[in-house]
2 protein chains.
Amino acid sequence: MTIEKDYSPKLAVGEVTVDRRDIEMLEAIDRCGSLHAAATDLGRSYARLQRRVVELEAAVGTLTERRRGGSGGGGTELTATAFDLRRRFERHETELEGVARVTESVLSGTVGERTGELATVETAVGPVLALVPEGASDVEITVRSDAVVLTDPDETPDGNDTSLRNTFSGTVTALESGEAITRVTVALGEGVTLEALVTNASVDRLGLETGRAITAAFKATAARAIRV
Amino acid sequence: MTIEKDYSPKLAVGEVTVDRRDIEMLEAIDRCGSLHAAATDLGRSYARLQRRVVELEAAVGTLTERRRGGSGGGGTELTATAFDLRRRFERHETELEGVARVTESVLSGTVGERTGELATVETAVGPVLALVPEGASDVEITVRSDAVVLTDPDETPDGNDTSLRNTFSGTVTALESGEAITRVTVALGEGVTLEALVTNASVDRLGLETGRAITAAFKATAARAIRV
DNA sequence: CGACGATGTATCGTCATGGATACCACGACG
DNA sequence: CGTCGTGGTATCCATGACGATACATCGTCG
């Protein structure tokens, strides 16, 4: 049985929450030019659409200019606020989609020294600096594959001045190439692997191939732990 | 009116989708030792809980061992599958929470050369390699602040052999420090800024302060564009 | 000045979700 | 062998979301 990560993006504005359906409604209004046309286009009822627009505007501000009478009987157009809301929602949705589509690596360990929300976690492959929930002791750290940076071990100075706080030496064990992107599996030893999503250009530049020694790094702020 | 990013994590398993409420149900069963006790503890009805457990098990597999009769009248315990499902859900939830809590930077531009899902986007501060949806031309790129890596410009060789495909020179314009983490704002010029979430230790190591010249980098696979 | 097509608004019926209740089956233990 | 607290199942009802319908309002244009 395959389990797939799913999600539903929302924007919370005071009491109301804007969901995908609301955004689709705004898009239909923009596309059709009137609430009536948008309602029929979406297969929804005019009454609900109208009430929802009023609800949203009470929370977010003016989203539409609704005119009645006149040639064509009137119509409704979106305001800049509405377009802004839509862009904001789509950015949020895209980020969430990224989380759902990207693979993650899991590192198990126990929490050591802590400062604020950051803590050192002792794992099989050494200490990892990660965001750890309050009061946790045994944890699993998840690292998104699009947050893992690969570097040539020969070119990496030991005390490199970057904000990448977690670096590991490993060996490439698998490459899965797409049209522009390759998923690289790096074995860190002790049976622990880290996946990295890199461009095919990076694969060439770094000379990535099975067996190649490589350095994998990720930021502490991109590593999140859960209690286990 | 402040807009907050929200979300609801789900796991899709065939026809059924597991949501936060299901996980809370499993946790209550584990905590209370029986469906009846879990139902009263959650303020829900026994009947619904029981039916939901059956529904979930039809999709996911055996989640509980339910015994009736005996001393105490029986009881229900979770299986390893249930604990595994819970951990999986919580990892997913934590990743999504990361998206919602972290700030993002936005870069506007137009799409240039494309290979597969990757494309070069011309922005005010130069070309950016990002994941771009099919057929888009004018886009906004979002970059999560926990995906931005800061490096010392003096120590960064021009053709560094990393999988960080987007690097920019900039100046630190703001620092907002928490207990362990600092949000750094980097001005790239042309009014474009990039935010980076780094540990306080990195702030010290890199000598970050307002006015400091710095190099900001992020992976192409961590930059996602939306049509605009 | 009436027609038209849009915006507003109220009301009703339908459907899904979920609690409330009742009743049966089960099995160790006193 | 009855009691007790569990699991298992069916039925009823409240609630909310939403479509369907009906009707009033508005303002330009023929």
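Within every chain, numbering begins at 1; the chains are lettered A, B, ... in the order of the sequence lines, protein sequences first and strands thereafter. Note that the structure is predicted; figures quoted are calculated from it, not measured. The figures that follow rest on heavy atoms only: side chains count, while hydrogens, waters and symmetry mates do not.
With rounding to the nearest 0.5 Å, the separation of NE2 in H92(B) from CD in E4(A) is 11.0 Å.
In this structure, T221(A) and V198(B) have side chains that are not in contact, with every pair of non-hydrogen atoms separated by 4.5 Å or more. Under the 4.5 Å side-chain criterion, counting only non-hydrogen atoms from C-beta, I23(B) is in contact with V18(B).
No more than 12 heavy atoms of other residues, nucleotides or ligands lie within 6.0 Å of CZ in R101(A), so this atom counts as exposed by the packing criterion.
Residues passing the side chain to side chain contact (heavy atoms under 4.5 Å, CB included) test with R51(B) are R48(B), sequence neighbours excluded. Here E122(A) pairs with T110(A), T120(A), P127(A) under the side chain to side chain contact (heavy atoms under 4.5 Å, CB included) rule; sequence neighbours left out. By the side chain to side chain contact (heavy atoms under 4.5 Å, CB included) test, A220(A) pairs with L118(A), L129(A), R165(A), N166(A), T199(B), sequence neighbours left out. Qualifying side chain to side chain contact (heavy atoms under 4.5 Å, CB included) partners for A100(A), counting only residues two or more places apart in sequence or in other chains: K5(A), Y7(A). Residues forming a salt bridge (Lys or Arg N to Asp or Glu O under 4.0 Å) with E113(A) (at least two apart in sequence, or on another chain): none. Under the rule for a salt bridge (Lys or Arg N to Asp or Glu O under 4.0 Å), E77(B) has no partner lying at least two apart in sequence or in another chain.
Listed by first then second residue, pairs satisfying ring-ring contact (aromatic ring centres under 6.0 Å, His included) with a partner in residues 44-71 of chain B read H36(B)-Y46(B), not counting sequence neighbours. Within the structure, every pair that satisfies the salt bridge (Lys or Arg N to Asp or Glu O under 4.0 Å) test and touches residues 219-228 of chain B, not counting sequence neighbours, is listed here: D146(A)-R224(B).
For DNA chain C, the neighbouring residues in residues 40-58 of chain A, judged by any heavy atom under 4.0 Å, are Y46(A), A47(A), Q50(A). Residues from residues 6-35 of chain A lying near DNA chain C, meaning a heavy-atom separation below 4.0 Å, are S34(A), L35(A) in numerical order.
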Extract from the structure each pairing of a protein N or O with an N or O of nucleotides 28-30 of chain C at less than 3.5 Å, listing the distance.
none

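Counting 5' to 3', DNA chain D first comes under 4.0 angstrom of a heavy atom of chain B and last does so at the ends given by dG5(D) to dA10(D).
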